[in-house]
Amino acid sequence: MAMARPLDSYSLRMYGNSSIRRDLPRPFEVIHCELGHASFGSVTSSSTSFGSKFRNSRAEIQFPENPSSESILRHGTSENGAVIDVSSSGKLIREYVDDGFPEDAIKVYFSMLECGIPPEEFRFFPCLIKAFGALSDKKKVRQIHGYLLKLGALDDIYVGNSLLDVYWKCGVAKDTFALFEKMCSKDLVSWNTMISGLCHSGDHLGSLRTFNQMILEYGVFPNRVACLSALSSCSSVESLFHGREIHAYVVKKGIGDEFLVSKLIDMYMKCGDVKNAEYVFRGIFNEDSIRGNTVIWNVMISGYISNGYLPQAVELFQEMLVIQIQPDFSTMVTILDLCSELLDLAVGMQIHALVISLGLDNDLRVETALIDMYFKCGDTKSGLEIFRMSQNRNTVMWGAVISNCVKSDCPNEALELFHDYIIGYGYVDSVIILAVLRACSSLIIKPKGLEVHGLVVKSRFDSDIFVGGALVDVYAKCGDMESAQKVFDRLPTRDLITWNALILGYAQNEYPNETLKACRDMQFEQIRPNAETGARILSVCAQLSAMIFCKEVHGYLLRQGLDSNVLVNNSLIAAYAKCGDINSSWAIFEKMREKNEVSWNSILRGLGMYVHADKIFVLFGKMKEEGMKPDHATFTSLLSACSHAGRIEEGWKYFRSMVEDYKLEPQLEQYTCMVDLLGRAGHLKQAYDMILMMPCNSDDKIWGSLLASCKSHGDERLAEVVANHIFKLDPTSIGYRVLLANLYEEYGKWNEVIRVRTEIKGRGLRKSPGCSWIEIKNKIHTFTAGDRSHNQSEEIYAAVRNLSIEVEKAGYISHY
DNA sequence: CTAGGGTTAG
């Protein structure tokens with residue numbers, strides 16, 4: 001993705017703030033004359049001088065058409081008396097261009113002309129063209145192009161080739177092609193300029209096409225320069241076919257120097273052909289001159305890493321040290337990346353020691369890689385320490401530390417660092433802004449999000465889809481879908497990530513209709529959802545127990561060809577079970593060709609709500625047979641099945657097995673299942689002791705389960721104790737107070753009933769009424785007790801009365 | 001006088 005960068009000192013120099021060097025020999029006294037952005041000087045002279053001509057010419061360079069009257073002289077004289085000749089101005093121009101002062105170089109040329117030297121004497125046009133190119137102003141390049149055309153200088157192949165190159169560097173591919181077509185003679189350099197220009201401009205296929213055209217249509221055979229560019233293009237488009245052809249050609253011609261060798265290895269690695277990369281690499285052991293080339297080793301190691309050959313990368317690095325190839329900063333950066341990948345802190349620390357002994361610990365890039373390594377290997381403290389001690393921080397290093405803090409689940413730390421950063425720098429880049437937005441999202445802090453949003457707009461990142469997606473996510477997490485939609489609508493383009501952020505926002509905030517609409521709109525834009533989109537929407541379907549929603553999403557995912565995805569199917573199993581359609585869950589489970597642990601856990605959990613416990617136990621046996629490893633979720637499913645069926649014996653068996661056979665430390669969830677199981681079976685004291693003895697903190701759910709058991713087994717004394725535990729955890733708890741009151745009521749403890757009910761009133765607590773809903777034509781209609789707001793409520797209540805009569809006729813006896 | 005150079009920090 002394209003990243004906006006603040007202007008650096010280089011570009012500042014290019015635009016406006018032209019620096020004129022004083023330390024180089026300056027034979028001419030210079031006056032300034034405005035010319036577009038850049039300023040030019042010209043020799044002090046009469047009003048008829050050429051300098052005054054381009055002052056009036058609306059930022060156009062006016063090249064002198066006729067030499068001035070005195071120009072019969074071969075050698076001009078400047079005002080301070082220095083003799084100027086063509087060759088000394090040429091040398092000066094070259095010097096200025098090489099040192100990065102193109103404006104001064106151009107001034108020298110004009111001065112030369114003003115001194116009466118005719119342009120046709122000049123033989124440094126390629127250098128002058130380079131100077132124009134360095135101004136990064138395509139208009140000025142076109143002007144010198146026209147000027148040279150008039151002079152007839154374009155017949156010179158050097159001049160043409162230089163112009164080609166400069167056009168590429170100014171990013172005007174169209175003009176380059178036009179010139180290339182018109183050039184009457186093309187040599188290898190012309191072709192190479194085109195091939196490498198295409199390569200650098202990102203048109204790798206065009207680059208390879210030109211390479212082939214040169215050989216096949218024009219019979220020009222490539223040299224090593226052409227091969228280097230073409231190999232770069234092969235790497236980028238991963239064209240192993242072309243790469244191998246070039247490899248063969250290089251071998252046949254015997255032009256394999258160290259640059260070509262490393263490019264070839266790089267090409268094979270980028271194409272995923274590790275075997276051939278190794279083959280080329282082994283060749284260097286026969287060539288003493290290039291065996292010690294560090295870069296080749298670096299390319300080889302980083303190639304191994306990017307192809308996932310981590311042990312080989314380690315081995316090669318060790319070999320490199322053994323045969324004493326000098327590692328450089330790039331080796332260190334690459335190896336630190338390897339440590340991060342391996343999550344090997346011990347080796348990372350050894351590399352840190354090596355970095356210090358090599359004296360590379362002050363290298364900004366190495367320091368940044370060290371910070372990254374420590375964070376990724378889980379040593380946040382050391383990562384921060386290196387950052388704090390670093391003498392040479394830059395935006396990349398700040399980005400490394402801030403984004404790693406967010407990834408390491410320290411969003412507060414990240415926001416503090418960001419605060420320090422922004423005070424010192426005043427601008428942000430996209431990596432930092434993304435990290436900060438993620439921190440806001442995970443902390444759900446909207447004010448900070450709004451502040452960063454302001455910064456996003458100010459820094460002109462508001463049309464960046466990555467940043468936009470992160471902003472949508474922040475607003476969605478904070479529940480402000482209106483703002484999320486606004487940000488989304490303003491994005492110039494949307495991709496899967498941004499759509500996902502919006503859809504999940506609607507889903508998580510329980511807007512099923514908007515969620516589905518967004519899914520349809522995404523489809524309309526021809527963007528296909530990925531498995532994660534599907535899984536996350538389905539988890540919302542499950543949360544909402546919304547059957548129609550679930551079916552529609554299922555159909556949608558089917559049409560998108562995601563029905564064979566494990567993640568999607570696991571979510572479908574859970575969602576259908578939650579919506580009460582266990583048959584669909586089972587059908588999906590049976591049809592799945594690829595199942596993982598989560599698939600088994602989902603179906604066990606789903607079935608646990610509906611079928612006989614024995615079936616669950618059998619299924620668990622099958623799960624083990626298929627080599628699946630039970631985890632906490634598996635045991636939660638098993639234990640809750642035992643609890644529903646009152647199977648104490650099996651409950652204890654699985655609980656013990658979890659600890660002993662699978663070395664899984666029971667969590668609150670599993671303890672809750674056991675307390676529920678014991679309580680339902682009337683082992684109230686045992687259940688109570690279990691809560692007190694378990695190593696984790698209790699919550700209202702585990703106590704609530706026991707309270708319900710106390711109610712059904714009529715132990716009002718324990719109920720009081722249990723209830724007090726709940727009220728201590730949640731003083732405003734209303735549901736459990738009602739449960740307690742009902743318990744006393746059932747056993748005729750009227751004084752206690754009054755006490756609890758008075759407390760409820762005194763605390764101003766109100767129980768939110770129960771609620772049910774039904775889906776009709778993609779709309780969810782909700783109903784609460786006594787609600788008459790629905791416009792068909794009369795008919796609805798009439799239907800309810802009729803149903804009640806029918807139910808009683810059928811023999812149902814209501815408890816109330 | 002003109003083309004080109006490998007790995008490479010968030």
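Each chain gets a letter, A, B and so on, in the order the sequences are listed, and its residues count up from 1. Since the structure is predicted, the reported quantities are computational estimates derived from the model, not experimental observations.
- Judged purely by distance below 3.5 Å, without hydrogens or angles, the side chains of D473(A) and S441(A) pair a donor atom with an acceptor atom.
- Not less than 6.0 angstrom separates the ring centroid of F418(A) from the ring centroid of W398(A).
- Rounded to a whole Å, the CZ atom of F211(A) is 19 Å from the P atom of dA3(B).
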Decide side chain to side chain donor-acceptor pair (under 3.5 Å) for N161(A) and N192(A); before the verdict, give the C-alpha distance in whole Å, the side-chain angles of both, and the deciding distance to 0.1 Å.
CA-CA 10 Å; N161(A) 288 343; N192(A) 288 350; over 6 Å; no
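- The nearest whole Å value for the distance from the NZ atom in K263(A) to the P atom in dT8(B) is 9 Å.
- Using a 5.5 Å limit on the distance between ring centres and a 30° limit on the angle between planes, the aromatic ring of Y158(A) counts as stacked on the six-membered base ring of dC1(B).
- A donor-acceptor contact under 3.5 Å links the side chain of S330(A) to the base of dT7(B).
- The closest side-chain heavy-atom distance from I255(A) to L260(A) is below 4.5 Å.
- Base engagement by E258(A) is indicated by at least one non-hydrogen atom pair under 4.0 Å involving a base atom.
- Of the listed nucleotides (dT7(B), dA9(B), dG10(B)), dT7(B) has the atom at the smallest distance from the side chain of S302(A).
- At a non-hydrogen distance threshold of 4.0 Å, V189(A), N192(A), T193(A), S196(A), H200(A) from residues 184-210 of chain A come into contact with DNA chain B.
- Between D372(A) atom CG and dA9(B) atom C1' there is a gap of 8 Å when expressed in whole angstrom units.
- For the salt bridge (charged side-chain N to carboxylate O under 4.0 Å, His left out) condition, the pairs that include at least one residue of residues 351-368 of chain A, sequence neighbours left out, are D363(A)-R365(A).
- Base contact: N223(A) has a heavy atom under 4.0 Å from a base atom.
- For K376(A) and dA9(B), the NZ to P distance is 12 Å, given to the nearest whole Å.
- Between the CD1 atom of I93(A) and the P atom of dT2(B) there is a distance of 13 Å, rounded to whole Å.
- Between Y268(A) and the options R244(A), H247(A), K275(A), K263(A), a side-chain hydrogen bond (donor to acceptor under 3.5 Å, both in side chains) holds for only H247(A).
- The side chain of K130(A) approaches dT2(B) more closely than any other nucleotide in the set dT2(B), dG10(B), dG6(B).
- For the pair M373(A) CE and dT8(B) C1', the computed distance is 17 Å after rounding to whole Å.
- A centroid separation of 6.0 Å or more is found between the aromatic rings of H242(A) and F211(A).
- Under the salt bridge (charged side-chain N to carboxylate O under 4.0 Å, His left out) criterion, D98(A) pairs with R94(A), sequence neighbours left out.
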Show the numbers, then the answer: is there a side chain to side chain donor-acceptor pair (under 3.5 Å) between N404(A) and D372(A)?
CA-CA 7 Å; N404(A) 270 309; D372(A) 195 51; 2.8 Å; yes
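- Considering only side-chain atoms of N161(A), the nucleotide from dT7(B), dT2(B), dG10(B) that sits closest is dT2(B).
- Per the geometry, CD1 belonging to I305(A) stands 9 Å off P belonging to dT8(B), to the nearest Å.
- Using a 4.0 Å heavy-atom criterion, one finds that L264(A) contacts no nucleic acid atom at all.
- Side-chain to base pairing of D363(A) with dA9(B): no donor and acceptor N or O lie closer than 3.5 Å to each other.
- Using the six-membered ring where Trp is involved, F122(A) and F124(A) have ring planes that are tilted, between 30° and 60° apart.
- Taking the charged nitrogens against the carboxylate oxygens, D175(A) and R142(A) do have a contact shorter than 4.0 Å, which makes a salt bridge.
- Residues L345(A) and Y374(A) form a side-chain contact, since some pair of their non-hydrogen atoms from C-beta on lies under 4.5 Å apart.
- Heavy-atom distances under 4.0 Å link DNA chain B to F329(A) of residues 309-329 of chain A, given in residue order.
- Within the 4.0 Å cut-off from OP1 or OP2 of dT7(B), not a single side-chain nitrogen or oxygen of R365(A) is found.
- Residue K91(A) is classed as having no contact, given no heavy-atom separation below 4.0 Å to the nucleic acid.
- Contacts with DNA chain B (heavy atom under 4.0 Å) in residues 287-300 of chain A: N293(A), V295(A), I296(A), N298(A), V299(A), listed by number.
- For residues 152-168 of chain A, the pairs satisfying salt bridge (charged side-chain N to carboxylate O under 4.0 Å, His left out) are D165(A)-K169(A), with sequence neighbours left out.
- Heavy atoms of S162(A) sit under 4.0 angstrom from primed sugar atoms or phosphate atoms, though from no base atom.
- As judged by a 4.0 angstrom heavy-atom cut-off over every strand, T395(A) is placed among the base-contacting residues.
- Note: CD1 (I371(A)) to P (dG10(B)) measures 11 Å, nearest angstrom.
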